[in-house]
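What follows is a set of notes on a single structure, which appears directly below.
Just so you know, residue 1 is the first one in the sequence shown, and it goes up from there.
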Amino acid sequence: MVQGSVDRAREGVELDFSRVPGVLGRIVAERVADYGSADAELGAARPRQRRFETALRASGLSLIAEVKRASPSQGAIAPLDPAEAALAYQAGGAAAISVLTEPRHFDGNPEALHAVVAAISLPVLRKDFVVHPAMLREAADWGASAALLMVSVLGEAVGEYLQMAHHLGLDALVEVHGEHELDIALQAGAEIIGVNNRDLTTLHIDLAVSPRLIARARAAGFTGLLVAESGYRSPADLGVVRGLADAVLVGSSLAGSSDLAQATRELLKV
Ligand SMILES: O=C(O)c1ccccc1NCC(=O)[C@H](O)[C@H](O)COP(=O)(O)O
């Protein structure tokens, strides 16, 4: 079954990315053009190592700290050195690191991921807009432990991409923003679900989205990990998801601070 899914996806699941609206739609269209002629071959199965999933399973609320130099909502955030930033986050108590590799809007690149994987012992998430199997193969080749899969982008094909990620030894953070997307993630067999408070078509943030969808996932019997994402700036903000989420993903507020390790420690204060 798993091999069948991987084979089908490698052969090319036809996805209509033109249905993705707004800011997200523009970024996705660029990534589709970037990878349109890439080789979809995944190669042999790889073991999962330096597990992202294990790092987030610690008791309490784990932090995924993001190396984020720029974004569509903020413009330039900070000219971070990725390895130095990741070391500071690690020293401050982060459980895992997210690295944006999208170049045009987030000032990311593959070298940033390489540098972070080499500098720290924590698992690293490749944060990008995955629209092609080659992007997962790259993530594994570059030493990432996990990749982001967005239901808003992949739709029901997220299940096939999940199988491909696992085939490559990657955990997957399957991201949702609404009830329908959550149902697709649950149906696909996601093990780690991220609820993004940011509407990626309008960039509007609503911190009530994560608690609502996390409660819905648990009510549906989901026993995997749940991650609250985006818009968190203070310990009080995190208080709302303590006891509900297993982890939070924080980018802009940490990346834009003057002392990243201290900002990480402060954010995690209960
Ligand atoms: O951050 C953006 O402006 C953005 C715009 C369009 C697509 C994705 C975007 N961000 C990706 C993320 O989800 C965040 O980087 C991540 O959750 C951290 O959010 P924050 O702490 O608010 O920087």
Side-chain angles (χ1 to χ4, degrees), residues 2 5-6 9-10 12-13 15 17 27-28 30-32 34-56 64-69 82-83 85-86 94-154 157-175 185 188 190-194 225 227 229 247 249 251:
V2 170
S5 294
V6 171
R10 260 199 302 235
V13 177
L15 294 175
F17 293 111
I27 300 171
V28 163
E30 290 164 358
R31 287 321 241 166
V32 169
D34 290 340
Y35 285 89
S37 58
D39 181 0
E41 188 57 47
L42 299 183
R46 307 185 202 189
R48 290 199 237 182
Q49 289 167 338
R50 220 202 276 202
R51 292 281 309 267
F52 183 71
E53 198 261 1
T54 309
L56 303 189
I64 307 165
E66 188 157 272
V67 177
K68 188 171 184 181
R69 293 160 52 101
I97 305 296
S98 166
V99 179
L100 282 149
T101 52
E102 193 284 334
R104 297 180 186 86
H105 306 271
F106 296 87
D107 196 13
N109 52 56
E111 292 72 32
L113 188 63
H114 284 295
V116 170
V117 168
I120 59 164
S121 55
L122 300 177
V124 180
L125 168 75
R126 180 185 187 185
K127 196 94 175 321
D128 208 316
F129 300 82
V130 169
V131 292
H132 192 284
M135 299 178 83
L136 295 177
R137 190 187 61 238
E138 286 177 345
D141 288 348
W142 299 343
S145 298
L148 178 72
L149 300 177
M150 301 167 73
V151 176
S152 54
V153 173
L154 297 169
V158 74
E160 316 259 2
Y161 275 78
L162 191 58
Q163 298 296 345
M164 287 191 279
H166 292 167
H167 175 88
L168 287 161
L170 299 168
D171 285 323
L173 176 62
V174 178
E175 185 178 288
E191 296 169 351
I192 312 172
I193 297 179
L225 295 174
V227 182
E229 301 177 25
L249 196 159

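The shortest distance between side-chain heavy atoms of D39 and R137 falls below 4.5 Å. The shortest side-chain heavy-atom distance between V99 and E66 does not fall under the 4.5 Å cut-off. Residues V227 and E175 form no side-chain contact, since every pair of their non-hydrogen atoms from C-beta on lies 4.5 Å or further apart. With a 4.5 Å cut-off on side-chain heavy atoms, Y161 and L136 count as touching. Side-chain contact between V158 and L162 is absent, with no heavy-atom pair separated by less than 4.5 Å. Annotation: side chain of V174 is in contact with side chain of V151 (closest heavy-atom distance under 4.5 Å). Residues I97 and V67 form a side-chain contact, since some pair of their non-hydrogen atoms from C-beta on lies under 4.5 Å apart.
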> Hey, mind stepping through K68 and K127 against side-chain contact (heavy atoms from CB on, under 4.5 Å) and telling me if it holds?
Replying inline: CA-CA 10 Å; K68 188 171 184 181; K127 196 94 175 321; over 6 Å; no
>> Let's go through L225 and E53 carefully: what are the C-alpha distance in whole Å and the side-chain angles of both, what is the deciding distance for side-chain contact (heavy atoms from CB on, under 4.5 Å) to 0.1 Å, and is it a yes or a no?
In response: CA-CA 8 Å; L225 295 174; E53 198 261 1; 3.8 Å; yes
>> Using the rule given for side-chain contact (heavy atoms from CB on, under 4.5 Å), can you reason through V131 versus V153, listing the C-alpha separation, both sets of side-chain angles and the distance that settles it, and then say yes or no?
In response: CA-CA 7 Å; V131 292; V153 173; 3.9 Å; yes
>> Show, in sequence, the C-alpha distance, side-chain angles and deciding distance for V117 and W142, and conclude whether the side-chain contact (heavy atoms from CB on, under 4.5 Å) test is met.
In response: CA-CA 8 Å; V117 168; W142 299 343; over 6 Å; no
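Residues F129 and F106 bring their aromatic ring centres within 6.0 Å.
Residues P82 and V116 come closest through the heavy atom pair O-CG2, 3.5 Å. Minimum heavy-atom separation, P123 to A95: CD-O, 3.7 Å. Of all the heavy atoms in I193 and A185, the pair that sits closest is CD1-CB, 4.1 Å. Of all heavy-atom pairs between A147 and L170, the closest is CB-CD1, 4.4 Å.
Once rounded to the nearest 0.5 Å, the distance linking CG of L56 with CZ of R51 reads 10.0 Å. Atom CE of residue M135 and atom CG of residue L149 lie 10.5 Å apart, to the nearest 0.5 angstrom. Atom CG of L148 and atom CG of L249 lie 8.5 Å apart (nearest 0.5 Å). The structure places CZ of F52 at 4.5 Å from CG of L125, a figure rounded to the nearest 0.5 Å. Distance check: E138 CD to H132 NE2 gives 10.0 Å after rounding to the nearest 0.5 Å. Taking CG of L42 as the reference point, atom CE of M164 lies at 6.5 Å (rounded to 0.5 Å).
For N109 (side chain) and E111 (main-chain N/O), a donor-acceptor pair under 3.5 Å exists by modelled atom type. Checked by atom type and distance alone, the side chain of H167 pairs as donor or acceptor with a backbone atom of G43 at under 3.5 Å.
The pair D171-R50 fails the salt-bridge criterion, with no side-chain N (NZ, NE, NH1 or NH2) lying under 4.0 Å from an Asp/Glu carboxylate O. Ion pairing between R31 and E102 fails under the 4.0 Å rule for side-chain N and carboxylate O. A salt bridge is absent between R126 and D141; no separation between the charged side-chain nitrogens and carboxylate oxygens falls under 4.0 Å.
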